[in-house]
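As the structure is a computational prediction, the values presented were derived from the model and not from experiment.
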Amino acid sequence: MMELFLLWTLIAVPLLVLGGIIGKSSKGEFEAISKSGKAELHAPLHIAKSPREIPPLPWYRRALPQIAVAGLLPFSLLPVELNFVISSVWGHGIYIAYKILLIVSLFLQADNKKLITYVFL
C-alpha cells in the first residue's frame, strides 16, 4: 500500500502540476475560424434567434423519484451486509468481514452518485 502511495506522489502529482503549468502558460484567446477564413471571437455554434419552449420533465426526472432511487439503492443493500454482522453476534460467531462491509458501503455510495449524475444529465 505504501508503494502505491509513493508511486502516486512521485509520478501523478508532479505530472498534474506540470500539466497545470503548461496549460496555464499556453492559454490564449478563443479564435474560431469563420467561413470567410477570418478569425473571429465567437462561440463555435449556431444560435437560433427565436426562443424555444422548454418541455416539461417526465415524472422520473423530477426531484422526488430521484431522491427515492438515491435512497433505495444503499438502504436496500446495506441491511443484507448488516444481517451477517447481527447474525454473527447473536449466533456467537466471529464476523471478520468488517472491511468488506466498509468497501461495499463505499462502492454503493460511489455507484449511487454515478447513477444520479447520469440520470440528471
Linking I/L/V/M/F/W/Y whenever any side-chain heavy atoms sit under 4.5 Å apart, do Val13 and Leu18 land together? no
Any residue meeting side chain to side chain contact (heavy atoms under 4.5 Å, CB included) with Pro58, in chain and number order, not counting sequence neighbours: Tyr60, Arg61
What's the separation between atom CG in Leu16 and atom CD1 in Ile11, rounded to the nearest 0.5 Å? 13.5 Å
State plainly whether one hydrophobic cluster holds both Leu7 and Leu15, where clusters connect Ile, Leu, Val, Met, Phe, Trp and Tyr through side-chain heavy atoms under 4.5 angstrom apart. yes
Leu64, CG atom: more than 12 neighbouring heavy atoms under 6.0 Å: no
